[in-house]
Amino acid sequence: MDLLSDLNEQQRIAVTTTEGPLLILAGAGSGKTRVITHRIAYLIAERDVPPSNILAVTFTNKAAQEMRERVEKLLSDVRLQSAPLVSTFHSLCVRLLRRDIAGLEEGYTRSFTIYDQDDSVRVTKACVKDLGFDEARLSARQVQSQISHAKNSGLDAELYAARVESHDEKRAAIARVFRLYEERLRSNNALDFDDLLIKTVRLLRKSDDVRERYNDRFRFILVDEYQDTNSLQFALIRLLTQKQQNICVVGDDDQSVYGWRGADITNILNFEEQYPNTQVIRLEQNYRSTQNILDAAGSVVKNNTERKGKTLWTSNPSGDLLRYYQALNAEVEARFVAARIEEHLRLEPKTRAAVLYRTNSQSRLFEEALRRAGIAYNIVGGFSFYERAEVRDIVSYLKLALNPHDSIALMRVINSPPRGIGKQTLDEIERRAKDYAVSHWETIAIMAEGGERLAARTVAALKNFHQIITKLVEASGREPASEVVKAAILDTGYANTLKAENSDEAEARLENLQELVNAAVDYDNEEAGGLREFIDAAALSSDTDQYKGDAHVTLLTVHSAKGLEFPVVFIVGMEDGLFPHARSASDKAALEEERRLAYVAITRAEKYLYVTHAMKRRVYGEELASEPSQFLNEMPLEIMEDLSRGASWLSFARGSSRLESRQAARALSGAGDSKRHTGKTYDSAESIAEFFRQRSQQVGGSSASAPAKATTQKARAASASNNSPSSSASGFVPGTHVRHPKYGRGLVLRREGSDDSAKLTVSFPGFGQKKLIEKYAGLEKA
DNA sequence: GAACTTGCTGAATTG
DNA sequence: CAGCAAGTTC
């Protein structure tokens, strides 16, 4: 088979440049996966590289699996002795550590357990409690994320503590939790997700032996989604490429959306400096989307300053206009989306649609609307299979089967199903474990022998539990994984308790457990890994792994959608404070990341792209007014079609921007001209548009290169609407959040007149818009 | 010890 | 509004 015939020129160079460092800047939809898979196949088939010398690293299992399958397909007529290793960063680390962790000399053994985030939070919580800190003031979740952040930036507990200012009480507390947390993990022979990378890097640094071995083994390394790598992952790559520099990284700086998780965009921006003699290849032809969709994406992302800059182009037709919809509230938005999906499926039963949202909590309304419309959907994220309580319980039993000293697992299931071991007994176990300085498991063994101050009932209950686990441990020594899973479900009483409940919910849980058994059976058949690997896979499985490519309708966050494509895409909740998220508003870098996120969302679409927003939305159970996202304003309005009922932000923004430079700059396209509106009938929309116009001036427009233009724009706006924006430094300019003695929090929409006699139009959630004279209103900044 | 009630606090994105 | 911890009752 000719591996190069169906590639374009750039792709071909990317595939055949096999020696030396290579940076492939691959725009969205430019055939990135195809290049990687062809490259692997090419190395094997044309350059006679033994597959075992190739390592390809991805971020998700799903991507890894897809890559494996595609390579296999390309090489279907080549006989292979081995397969290239296609793996996620985390499973690569597990693989190394399962073999060599003892070389670290930190007391860890090869049978270490992996703590996922939920486990980590549990440990953190226990640490906070045991150190006597107030759990309400020091939320375990927050502390855990601080610890994780520290670990990812190369700080251990000691370094972190040393960095904490003495007066910063909270951080000092976190530092103490951090230290205890690390101790607990170590004494449980457990590693959290961050440790997997940290320990691997440390091991490769420490042991020349191990480092050499893997340098010799992996002579050709590929890294996908390189823009998402963090400093530890970079260090890992560095260590693996000491002997050779056949390192090929593929990424797109415009799609870097994991900065909050420690991803370091400079890894890709500075790759050429880190690896001298790097060849750079740009893949800029997009095969996925229509021209209009690409225009929208480009028009948004070009507002970012921190980027390498590239322009996607396509030979695809311009396609349909983007479809815009302004909903009264979030419920209406969901109903609109469901109705449109129904329509698309009616016209094209085989099409696939995706609903993309910023936060998982938005999914519920769409689930309800789709269910009501009788449309089947698939949802990614939220509670994934391995995160369900019953699955986690059984997995905990399995962990105990391999290592009964795993206290986290033990405490999780010691009384589920209920077997008469209550809080009193648990506290007693905790106390004694600490006193004797032995594991909970050993403590239970001692207590099960009976003794002073223990009720006979308690002793019997503990004995029972001890026996159950002992049996599981024995079973794990001789039975295949699936049999141990069955035992963990049946012999622990778990299944019986669920059956006895006799409810629909219990029924569903039983089905999930059946599913777990099925997974284990598959595992027994396919790989000879055994229970250990089965549990590792469960721990490392991720949300995006649940994505089913053949589903007609998929609900997922924008983050989870990265790397996927759909003929029909809905980007919903395009509102200020939601997308971009409020937590990013203050920070320029964070806002740029949000913008890249918008870019990712837009470029998922092949043919039809919908953008929607709601005027009102429930937050914390309270209904709040919301403004359209600034990213909507950054799209070319003339390639949007307005599907809103009645007046909308778009209809007004379009009318009001007619005279302004943005229109002139985009005069190329004649679309939208037929939809001229005077704006006079659109009271609320008018104020929203006003708000935008004002804000774009405050922010200084989209590019730094046009100060002169910004001034004329400002002057014109001022004369047109009789405003004097930002002339009174002390006053409340539109966009400011204010507090009113009677109406509470509100948003300034408009300001008329100057100095302190200015008239303000302020929108108060729940009270509507009020016109107020600034000097009498008693407003304060909120 | 278990099941139920109340009252509080807090959700951004994920391997 | 929801999920969780502490408090209450059987």
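Order of the sequence lines sets the chain letters (A, B, ...), proteins ahead of strands, with each chain counted from 1.
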Participant: Please identify each residue that fulfils side-chain contact (heavy atoms from CB on, under 4.5 Å) with A:Lys499, with sequence neighbours left out.
Facilitator: A:Asn496, A:Leu510

Participant: Any salt bridge linking A:Arg596 with A:Asp254? Criterion: basic side-chain nitrogen under 4.0 Å from a carboxylate oxygen.
Facilitator: no

Participant: Quick check on DNA chain B: between A:Ser148 and A:Ser361, whose nearest nucleotide comes earlier from the 5' end?
Facilitator: A:Ser361

Participant: I'd like to check the salt bridge (charged side-chain N to carboxylate O under 4.0 Å, His left out) partners of A:Arg98; sequence neighbours left out, ordered by chain and number.
Facilitator: A:Asp536

Participant: In whole angstrom, give me the gap between the C1' atoms of C:dC4 and B:dT13.
Facilitator: 23 Å

Participant: Please work out if A:Asn415 contacts a base, only the sugar-phosphate, or nothing of the nucleic acid, heavy-atom cut-off 4.0 Å.
Facilitator: sugar-phosphate

Participant: Return the set of residues passing salt bridge (charged side-chain N to carboxylate O under 4.0 Å, His left out) with A:Lys125 (not counting sequence neighbours), or none when no residue passes.
Facilitator: none

Participant: By side chain to side chain donor-acceptor pair (under 3.5 Å), which residues pair with A:Arg122, not counting sequence neighbours?
Facilitator: A:Asp118

Participant: Is there any protein nitrogen or oxygen under 3.5 Å from a nitrogen or oxygen in nucleotides 3-5 of chain C, and what are the pairs?
Facilitator:
{"residue": "C:dA5", "atom": "OP1", "partner": "A:Lys125", "partner atom": "NZ", "Å": "2.6"}

Participant: Both A:His581 and A:Arg419 contact DNA chain B. Taking the nearest nucleotide for each, which residue is further toward the 5' end?
Facilitator: A:Arg419

Participant: Which donor-acceptor pairs under 3.5 Å do the side chains of residues 454-467 of chain A make with protein atoms, sequence neighbours left out?
Facilitator:
none

Participant: When we call it a touch if two heavy atoms are under 4.0 Å apart, what does A:Thr425 touch: a base, just sugar-phosphate, or nothing?
Facilitator: sugar-phosphate

Participant: Which is true for A:Gln117 with a 4.0 Å heavy-atom rule: it touches a base, it touches only sugar-phosphate, or it touches nothing?
Facilitator: base

Participant: Does A:Thr557 reach a base, just sugar-phosphate, or nothing at all? Heavy atoms under 4.0 Å.
Facilitator: sugar-phosphate

Participant: For A:Asp130, which residues count as a side-chain contact (heavy atoms from CB on, under 4.5 Å) partner, sequence neighbours excluded?
Facilitator: A:Arg184, A:Lys434

Participant: I want to confirm an ordering. Mapping A:Arg364 and A:Lys423 to their closest nucleotides on DNA chain C, which one lands closer to the 5' end?
Facilitator: A:Arg364

Participant: Once you round it to whole Å, what is the distance between C1' of C:dC1 and CD of A:Glu368?
Facilitator: 12 Å

Participant: Looking at every strand, decide which applies to A:Arg137 at a 4.0 Å heavy-atom threshold: base, sugar-phosphate, or nothing.
Facilitator: nothing

Participant: Taking only Lys NZ, Arg NE, NH1 and NH2, and the carboxylate oxygens of Asp or Glu, determine whether A:Lys32 and A:Asp224 approach each other closer than 4.0 Å.
Facilitator: yes

Participant: Using a heavy-atom cut-off of under 4.0 Å over every strand shown, decide if A:Asn360 touches base, sugar-phosphate, or nothing.
Facilitator: sugar-phosphate

Participant: Anything under 3.5 Å between a protein N or O and an N or O of nucleotides 7-10 of chain C, put it in a table, one pair a line.
Facilitator:
none

Participant: Can you list the residues that meet the salt bridge (charged side-chain N to carboxylate O under 4.0 Å, His left out) rule with A:Asp116, with sequence neighbours excluded?
Facilitator: A:Arg392

Participant: Can you tell me if A:Gln424 has over 12 outside heavy atoms packed within less than 6.0 Å of its CD?
Facilitator: no

Participant: NA contact type, A:Ser560, heavy-atom cut-off 4.0 Å: base, sugar-phosphate, or nothing?
Facilitator: sugar-phosphate

Participant: Just jot down the side-chain contact (heavy atoms from CB on, under 4.5 Å) partners of A:Val332, sequence neighbours excluded, or say none.
Facilitator: A:Tyr325, A:Ala327, A:Leu328, A:Asn329, A:Arg335

Participant: Base, sugar-phosphate alone, or nothing: which one does A:Tyr258 contact when heavy atoms must sit under 4.0 Å apart?
Facilitator: sugar-phosphate

Participant: Sequence neighbours left out, what passes side-chain contact (heavy atoms from CB on, under 4.5 Å) with A:Leu564? Give chain and number order.
Facilitator: A:Tyr547, A:Leu556, A:Phe566

Participant: How many whole angstroms separate atom CZ of A:Arg618 from atom P of C:dA2?
Facilitator: 10 Å

Participant: Which part of the nucleic acid does A:Glu594 contact within heavy-atom distance under 4.0 Å: base, sugar-phosphate only, or nothing?
Facilitator: base

Participant: Provide the start and end nucleotides, 5' to 3', of the part of DNA chain B that has atoms under 4.0 Å from heavy atoms of chain A.
Facilitator: B:dG1 to B:dG15

